[in-house]
Amino acid sequence: IRMAEVTIRVAGTTTRTSTTSPAGLVVNYTFDGVTALPVNAGSYATVGAVSSWTYDGAATGKLAISPITQTISFSSLATRTYGDAPFSISATCDSGLPVSFRVVSGPAFVAGSVETLLALTGAGHVVVRASQAGNGNYEAAPDVDQAFEVRKGTVAVTLDNLAQTYDGAPKPVFFTTSRPVLAVDLSYNGATTPPLNAGSYIVVATVRDPNYLGDTTASVSVAKARSVIHWSAPTDILAGIALGPDQLNATANVAGSFSYSPAAGTVMTPGASHLLRAIFTPAYATNHESAEAYVKVNVLNAAPTVTSAPT
């Protein structure tokens, strides 16, 4: 009896090949001493013995069963947004063996007791790998990678302190975001520094963060500062005396000039409560308001002159 060495795959049918002389004799086989045909991958010492009343013979050989290949099916992953809750991922293997996952690159990690939840840690490009290491009967499956994008999360930006008054100091606006501790870039009519002068400015606020985006636009108004006039009512004057610095002597809290009505040099008729008006024009009209003030003055009749007649 002569026996051939046989190599098959696990998924194949185990065969036994031998020849006898004379031909056609029945041969019984054992595999590592067991008569049942092996089903798992491995190398088995095979003995073939002639089963006959008239002939006796035996031979040894080897049966090799190799592991078979397996393939992973891993579907594409949808785009996500940072802030989304952890989500399930799944893949299957045609061997029926379980598939494991790991993050090759990007802001995510595999979480959960069964390691099929994917948690996001930021925005960016993520690559996830599905693997099956194989076992005694199956070779390791080729890894399958799937990539997806994580978009930045959206936050709301609110601006405050939009109505201010000139005082010579910069006038920044305040901001808040719907998520705390986020940096925000501000521009005022395109400049990065807050305005000093009175006027209206377009403010653009833009979130600066690797994982979040958001912006808003508003108008900040810096009002002119109020000019304050100090002017006390003048003492009574006698008829015939022209208005001058004793009456037209208003002052202001900022630099500027005054004009009066009636003007200096005017001689007023006798009477009570003549109205005097002061108009203030600030030197820096861009940042200060004009102002007016009023006082009253009494103009008294002059005392009559008494002349004694000669006697």
Side-chain angles (χ1 to χ4, degrees), residues 157-176 184-206 215-311:
V157 183
T158 303
L159 296 177
D160 198 3
N161 203 31
L162 298 177
Q164 305 187 55
T165 301
Y166 172 81
D167 62 3
K171 298 299 174 189
V173 300
F174 304 140
F175 67 84
T176 56
V184 174
D185 293 326
L186 298 171
S187 68
Y188 305 84
N189 285 358
T192 57
T193 54
L196 288 170
N197 296 320
S200 181
Y201 301 85
I202 299 299
V203 182
V204 177
T206 305
D215 60 77
T216 191
T217 301
S219 177
V220 58
S221 176
V222 181
K224 293 182 179 183
R226 179 171 172 260
S227 298
V228 180
I229 297 175
H230 304 281
W231 192 15
S232 298
T235 59
D236 297 345
I237 60 175
L238 295 175
I241 296 177
L243 293 175
D246 289 338
Q247 296 79 37
L248 309 179
N249 55 3
T251 60
N253 62 327
V254 294
S257 59
F258 284 94
S259 62
Y260 296 93
S261 177
T266 301
V267 177
M268 305 182 75
T269 60
S273 301
H274 283 279
L275 191 64
L276 303 180
R277 178 189 182 197
I279 301 175
F280 175 70
T281 301
Y284 302 100
T286 299
N287 294 321
H288 296 91
E289 295 178 338
S290 299
E292 294 184 5
Y294 298 86
V295 296
K296 292 179 180 180
V297 63
N298 297 319
V299 180
L300 305 178
N301 284 313
T305 300
V306 179
T307 303
S308 298
T311 56

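Residue numbers start at 1 and run along the sequence shown. Predicted model only: the values in this text are computed from it and were never measured.
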Quiz item: Do side-chain atoms of D236 reach the backbone of V299 as a donor and acceptor pair under 3.5 angstrom?
Solution: no

Quiz item: Distance from F175 atom CZ to D185 atom CG, nearest 0.5 Å?
Solution: 9.0 Å

Practice problem: Please assess D160 against T176 for the test side-chain contact (heavy atoms from CB on, under 4.5 Å), listing each intermediate value before the final yes or no. | Solution: CA-CA 8 Å; D160 198 3; T176 56; over 6 Å; no

Self-check item: Interatomic distance, N298 atom CG to M268 atom CE [nearest 0.5 angstrom]
Solution: 10.0 Å

Quiz item: Looking at NZ of K224 and OG of S290, how far apart are the two atoms once the value is rounded to the nearest 0.5 Å?
Solution: 7.0 Å

Exercise. Please report the closest heavy-atom contact between V295 and P234, naming both atoms and the distance.
Key: CG2-CD, 3.8 Å

Quiz item: What are the two closest heavy atoms between L243 and L276, and how far apart are they?
Solution: CD1-CD2, 3.9 Å

Quiz item: Ignoring hydrogens and geometry, is there a side-chain-to-backbone donor-acceptor pair from N287 to A198 under 3.5 Å?
Solution: yes

Quiz item: Do the side chains of L162 and S219 get nearer than 4.5 Å, heavy atoms only?
Solution: no

Practice problem: On the 0 to 90° scale, with breaks at 30° and 60°, tag the W231-Y260 ring pair as parallel, tilted or perpendicular. | Solution: perpendicular

Exercise. To the nearest 0.5 angstrom, please state how far the OG atom of S259 sits from the CZ atom of F280.
Key: 11.0 Å

Quiz item: OH of Y294: more than 12 outside heavy atoms within 6.0 angstrom?
Solution: yes

Quiz prompt | N161 side-chain N/O to P172 backbone N/O, donor-acceptor pair under 3.5 Å | solution = yes

Exercise. Please test Y188 against V173 for side-chain contact (heavy atoms from CB on, under 4.5 Å), starting from the C-alpha separation and ending with a verdict.
Key: CA-CA 10 Å; Y188 305 84; V173 300; 3.8 Å; yes

Quiz prompt | Test side-chain contact (heavy atoms from CB on, under 4.5 Å) applied to L186 and L159, step by step | solution = CA-CA 10 Å; L186 298 171; L159 296 177; 4.1 Å; yes

Practice problem: Would you check if H274 and T269 make a side-chain contact, meaning some heavy-atom pair closer than 4.5 Å? | Solution: yes

Quiz item: Within the distance-only criterion (no hydrogens, no angle test), does the side chain of T165 pair as donor or acceptor with the backbone N or O of A225 below 3.5 angstrom?
Solution: no

Quiz prompt | Heavy-atom check, side chain of I202 versus side chain of T217, under 4.5 Å | solution = yes

Quiz item: Between V254 and S227, which heavy-atom pair has the shortest distance, and what is it?
Solution: CG2-OG, 3.9 Å

Quiz item: Which heavy atom of P195 sits nearest a heavy atom of V222, and at what distance?
Solution: CG-CG2, 4.4 Å

Exercise. Would you check if Y166 and H288 make a side-chain contact, meaning some heavy-atom pair closer than 4.5 Å?
Key: yes

Self-check item: Shortest non-hydrogen contact between F258 and A250, atoms and distance
Solution: CE1-O, 3.4 Å

Quiz item: Hey, what do you get for CG (N253) to CZ (R226), rounding to the nearest 0.5 Å?
Solution: 8.5 Å

Quiz item: Can you check side-chain contact (heavy atoms from CB on, under 4.5 Å) on Q247 and I237, steps first, answer last?
Solution: CA-CA 9 Å; Q247 296 79 37; I237 60 175; 3.3 Å; yes

Exercise. Please name the pair of heavy atoms, one in S273 and one in K296, separated by the smallest distance, quoted to 0.1 Å.
Key: CB-CD, 3.8 Å

